[in-house]
Amino acid sequence: MDVIELSWWQLAMAATLVLALAGCVYWARLGVGNSLLIAAARTALQLTLVGFVLEALFAVGKPLWVALMGLGMLMLAGREVMARQNYRLRGAWGFAIGTVSMFVSAFSVTVLMLIVVIGPTPWYSPQYAIPLLGMLLGNTMTGIALALDRLTEGVRRERQLVEGRLMLGQTWREACGELRRDAMRSGLMPIINAMAAAGIVSLPGMMTGQILSGTAPALAVKYQILIMFTIAAGTGFGTFLAVSVASRRLFDGSERLRLDRLTSS
Amino acid sequence: MASGALTLDRIKAGNLQPVSEKIAPGEILCLSGPSGSGKSRLLRAVADLDPHEGSVSIAGESQQDLRGHRWRRAVMMVPADSAWWFETVGEHMPAPMTEALKQLGFDEDVSRWSIERLSSGEKQRLALVRALAYQPRALLLDEPTANLDPDATRETEQWLCQVIRERSLPTLWVAHDREQIKRVADRHLHIEGDRLVESSGDKD
C-alpha cells in the first residue's frame with residue numbers, strides 16, 4: 001500500500017479550520033480563544049521539532065541518546081502533572097511525586113513490554129521504545145494529574161470530615177480512605193472509558209495513524225490492544241503509587257492533617 | 001479503664017501565652033473567652049491536631065509516646081460541628097449506647113435514622129454519645145450545647161456531668177454561657193487578652 005504524502009500547504013488548509021473555530025470562540029466570548037490558538041501553534045511547533053529529534057535519534061540509535069530522550073520526556077511530563085493541579089504539595093514533593101510515580105510505572109511497563117512482548121533488536125531500538133514510552137507517559141500523566149488534583153481538592157473540601165474522623169481516634173488511613181479511593185478511581189476512569197469505547201465509538205488515534213500510513217488493519221489492531229493494556233497497567237499502577245505517597249504526605253508523623261503542606265499554583 | 005489527670009505543660013496555641021494546667025480525674029475545667037481568642041485552638045493542640053509547642057500527658061502517658069490516633073482516642077475532642085460519613089446513625093457507633101440515648105430522649109430506633117434528617121441539635125448530642133462510646137480517658141468539649149434549646153441543654157449538661165463523674169474523666173469544656181459555667185464547672189478559666197485568668201466564685 002502506498003502512503004499519500006502530506007505537504008505543508010495541505011496542513012495549512014487544516015489549520016484554517018482551527019482559525020475558523022477560534023473566530024467563533026472569540027465571537028461567543030468563551031474566553032479561551034488565545035489558549036486555543038497558542039495550543040494549536042504549540043502542536044505544530046512541538047511535533048515538528050520532535051519529528052526532527054526522532055529522525056536524528058533513529059539514525060543514531062545509541063542507547064545513551066534514547067535514555068536521554070526518555071528522561072527529557074519524563075521531566076516535561078512531571079512538570080505538566082504539577083501544573084495541572086490547583087493545589088499541590090509544597091516544595092520538591094509537588095514535582096517529585098508525579099515524576100517518580102510516572103518513572104516507576106511508565107518506564108518499567110515500557111521496558112517490560114519491549115523486552116518480553118515486542119522484542120525488537122536491540123530492545124531499546126528507538127523506533128519502538130520512544131513512541132511506546134510517549135504513549136504511556138502521556139496517558140499516565142493524565143491519570144496521575146487527575147487523581148492528585150482530585151485528592152488535594154478533596155481533602156481541602158472535606159477538611160472538617162477528615163479531622164472529625166481523626167478526633168474519634170481513626171488512623172490517617174481510615175480518615176482519608178474514601179478520598180483516596182475517590183482519587184484513584186478518577187485517575188483510572190479515562191483509560192477504563194477509552195478501553196470500553198475503543199473500536200465502537202472511536203478508532204484509537206495510534207491505530208488510525210498506522211492504518212493511514214499503510215499497515216494492515218489486523219496488525220494495527222493487535223498493536224492497539226497491546227498499547228491499551230500497557231497504558232491501563234501504567235496508568236493504574238502510577239495512580240496508585242502517586243495517590244498513596246501524596247496522601248501520606250498530607251499527614252505528618254503524628255497523623256495530623258497538614259493542609260499547610262499544600263500550595264495553590 | 002484506668003483514668004488519670006490530664007496535664008498540660010506549657011502548651012502554646014495560637015496567640016495565647018503558654019498554658020500549664022492540671023485537670024484532675026472527674027474535674028470539669030471550663031474555658032471561656034471572646035471568639036477568636038484561641039479556645040478551639042487550645043483544644044486542638046491538646047488533641048494533637050495541630051503542631052504545637054509544649055507537652056500534654058494523660059495519667060502520666062505523654063502525647064509524644066503514643067501514636068496520633070491512639071492519643072486522640074484517649075483524649076477525645078468533640079467539635080462544635082460534628083462529622084458524619086455513613087448513611088445511618090448506627091453505623092457511626094462503635095458500641096451500642098442504649099442507656100445514654102434513652103437518657104438524652106432518643107427513640108430506640110435512632111440507630112436506623114438517616115444522617116440527613118438529623119437536626120443540628122440532634123447531631124450534636126449524638127456526637128457526644130458517639131465520642132463516649134469510644135471509652136475515652138479525657139474529654140475536650142467545644143461548646144457541646146451550642147445548638148440546643150434550653151431544655152435539651154439542661155438535659156445534656158446533666159447527663160454529661162454524670163458520665164464525667166462516673167468515669168472520672170478529666171474534662172476541658174469550652175462554654176459561652178455564664179449560667180452554664182456556674183452549673184457545671186469545678187474551675188473556670190477566662191481568656192483575657194493573651195492569658196488565661198482564673199475566675200472564682202462561679203460554682204454555687
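Just so it is clear: chains get the letters A, B, ... in the order the sequence lines come, proteins before strands, and each one is counted from 1.
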Most heavy-atom pairs under 4.5 angstrom with chain A, which of B:Ala127, B:Ala131, B:Pro79? B:Pro79
Top contributor to chain A contacts, counting heavy-atom pairs under 4.5 Å, from B:Arg130, B:Gln63, B:Arg70: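 Highest number of heavy-atom pairs under 4.5 Å: B:Arg130.
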Any pair with a residue in residues 166-186 of chain B that passes ring pair (Phe, Tyr, Trp, His ring centres under 6.0 Å), sequence neighbours left out, goes on the list, sorted by first then second residue, please.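 Of all non-adjacent pairs touching residues 166-186 of chain B, none passes ring pair (Phe, Tyr, Trp, His ring centres under 6.0 Å).
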Among residues two or more places apart or on two chains, list those pairs meeting ring pair (Phe, Tyr, Trp, His ring centres under 6.0 Å) that have a residue in residues 170-189 of chain A.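 Output for this query lists A:Trp172-A:Phe251.
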Smallest separation among heavy atoms of A:Gln160 and B:Ser82, with atom names: NE2-O, 3.7 Å
Please find the pair of heavy atoms, one from B:Ala83 and one from A:Gly164, that lie closest to each other, and give the distance.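 Closest approach of B:Ala83 to A:Gly164, heavy atoms only: CB-CA, 3.9 Å.
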Test item: B:Gln64 and A:Ser254 side chains (from C-beta on) under 4.5 Å apart, heavy atoms: no
If the contact rule is any heavy atom under 4.5 Å from chain B, which residues of residues 94-106 of chain A qualify, in numerical order? none
Please check if the number of heavy atoms outside [X] that lie under 6.0 Å from its [atom1] is greater than 12.
| X | atom1 | answer |
| --- | --- | --- |
| B:Glu53 | CD | no |
| A:Arg156 | CZ | no |
| B:Asn15 | CG | no |
| A:Arg90 | CZ | yes |
| A:Phe237 | CZ | no |
| B:Glu87 | CD | no |

Checking heavy atoms, do the side chain of A:Arg159, its backbone, both or neither come under 4.5 Å from chain B?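 Side chain only.
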Output the residues of residues 94-110 of chain B for which the shortest heavy-atom distance to chain A is under 4.5 Å, in residue-number order; output 'none' if no such residue exists.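 Listed by number: none.
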Pairwise distance [atom1]([X]) to [atom2]([Y]) - rounded to 0.5 angstrom:
| X | Y | atom1 | atom2 | value |
| --- | --- | --- | --- | --- |
| A:Thr171 | B:Arg73 | OG1 | CZ | 9.0 Å |
| B:Trp85 | A:Arg165 | CH2 | CZ | 5.0 Å |
| A:Met167 | B:Leu49 | CE | CG | 5.0 Å |

Okay, side chain of B:Arg72, backbone of A:Gln170: is any donor-acceptor separation there less than 3.5 Å? no
Does A:Arg256 pair with B:Asp50 as a salt bridge, N-O distance under 4.0 Å?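 Between B:Asp50 and A:Arg256 there is no salt bridge, as every charged N stays at least 4.0 Å from the carboxylate O atoms.
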Evaluation steps, side chain to side chain contact (heavy atoms under 4.5 Å, CB included), between A:Glu174 and B:His69: CA-CA 10 Å; A:Glu174 291 167 318; B:His69 67 275; over 6 Å; no
Contacting moiety of B:Trp84, where chain A heavy atoms sit under 4.5 Å: backbone
For the interface with chain B, which of A:Leu168, A:Leu161, A:Asp252, A:Val162 has the highest count of heavy-atom pairs at distances below 4.5 Å?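 Going by pairs under 4.5 Å, I would pick A:Leu168.
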